[in-house]
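Have a look at the structure below, then the notes.
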Amino acid sequence: MLYQYEPKKIPAIIFLVLFGITTFLHIFQLIRKRTWYFVPFVIGGCFETIGYVGRLLNAGQTYGEWTTGPYIMQSLLILLAPAFFAASIYMILGRLIVLVDGEAHSPIRVKWLTKIFVGGDVLSFLAQSAGGGMLGKAKKQSDVDLGEHIITAGLGIQVLFFGLFVITSAIFHWRIKAMPSLRSKQLSIPWESYLYILYIASVLILVRSVFRIIEYVMGSDGVLLKHEYFLYVFDATLMFIAMVLFNLCHPSRII
């Protein structure tokens, strides 16, 4: 069966509406503030919204007779959305470092920082996409297992690069607090607040990715895939909070 439980309509509707609202606000903020480097983040929001449309469509179908189209749609889009969030989050740090004239305090040169982390994000995205595509077309258990292994590897890459990103951000933060640049002391923009937002968003995505890794390692017989509420607690809720954080503290001031 596609699901190990009966998907419910109510939570799918709730998160469809929630992600729809925050994504609409992000689109408005993006256009109004011309924060074009935040386009990947908005794409991630669109993925989340459309993904829960897929879950809602399956929830409206008879138990055990779910169609594969909505299932693949929700599986892939909800799985891949955080990779788009990550791409924009990585770019924010580079712009913050330039804003405060703090490249001397960064453990990685700015011109390489975004390339390294976005490159890792692309690698993670491609692995998860390939694994998700295999799962969608799998006819044999061996194909399912291979798809899950590839997705797990992709999520592992995401966790690795996010962990390195948090460490890089923390080192830069500690150094510039110890020896502030002249510009960092003169700025009226609350650049340090944006760093804390990056930490929070990064932890939210890290927790979500670790949850997904455990989910795929445990497999279809595992408790995480047998109960729908785990997805809403450790994926949907965390990603919604991450999106709202950047609605409230939009990075348009550090273009």
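When all heavy atoms of Ile176 and Ser184 are compared, the closest pair comes out as CD1-CB, 4.2 Å. Across Gln128 and Gln158, no two heavy atoms sit closer than the pair NE2-NE2, 3.8 Å.
Cluster membership check: Leu225 does not share its hydrophobic cluster with Leu155, using side-chain heavy-atom separations under 4.5 Å among Ile, Leu, Val, Met, Phe, Trp and Tyr. In the hydrophobic clustering of ILVMFWY residues, with side-chain heavy atoms under 4.5 Å counting as a link, Leu160 and Leu93 come out together. Linking ILVMFWY side-chain heavy atoms closer than 4.5 Å, directly or via other members, places Met218 and Phe234 in a single hydrophobic cluster. By the criterion of side-chain heavy atoms lying less than 4.5 angstrom apart, applied directly or through intervening Ile, Leu, Val, Met, Phe, Trp or Tyr residues, Ile167 is not grouped with Phe161; the two fall into different hydrophobic clusters. Transitive grouping of hydrophobic side chains (ILVMFWY, heavy atoms separated by less than 4.5 Å) keeps Tyr71 and Met134 in distinct clusters.
No close placement of the Phe41 and Phe84 rings is indicated, their centers lying 6.0 Å or farther apart. Taking the six-membered ring wherever Trp is involved, the centroid distance between the rings of His250 and Phe38 falls below 6.0 Å.
Note on ring orientation: taking the six-membered ring where Trp is involved, the planes of His105 and Phe172 are tilted (angle from 30° to 60°).
Interatomic distance, Tyr52 OH to Leu57 CG, rounded to the nearest 0.5 Å: 14.5 Å. To the nearest 0.5 Å, atom CD1 of residue Ile21 and atom CG of residue Leu16 are 9.5 Å apart. Residue Phe162 holds its CZ atom at 3.5 Å from CD1 of Ile205, rounded to the nearest 0.5 Å. With rounding to the nearest 0.5 angstrom, the CD1 atom of Ile116 is 4.5 Å from the CD1 atom of Ile108.
The shortest side-chain heavy-atom distance between Leu231 and Arg55 falls under the 4.5 Å cut-off.
Figure legend: cation-pi geometry between Lys115 and Trp112, with NZ or CZ positioned under 6.0 Å from the six-membered ring centre and within 45° of its axis.
Ion pairing between Arg208 and Glu215 fails under the 4.0 Å rule for side-chain N and carboxylate O.
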Hey, mind stepping through Glu103 and Lys111 against salt bridge (charged side-chain N to carboxylate O under 4.0 Å, His left out) and telling me if it holds? CA-CA 10 Å; Glu103 185 165 7; Lys111 76 171 187 177; over 6 Å; no
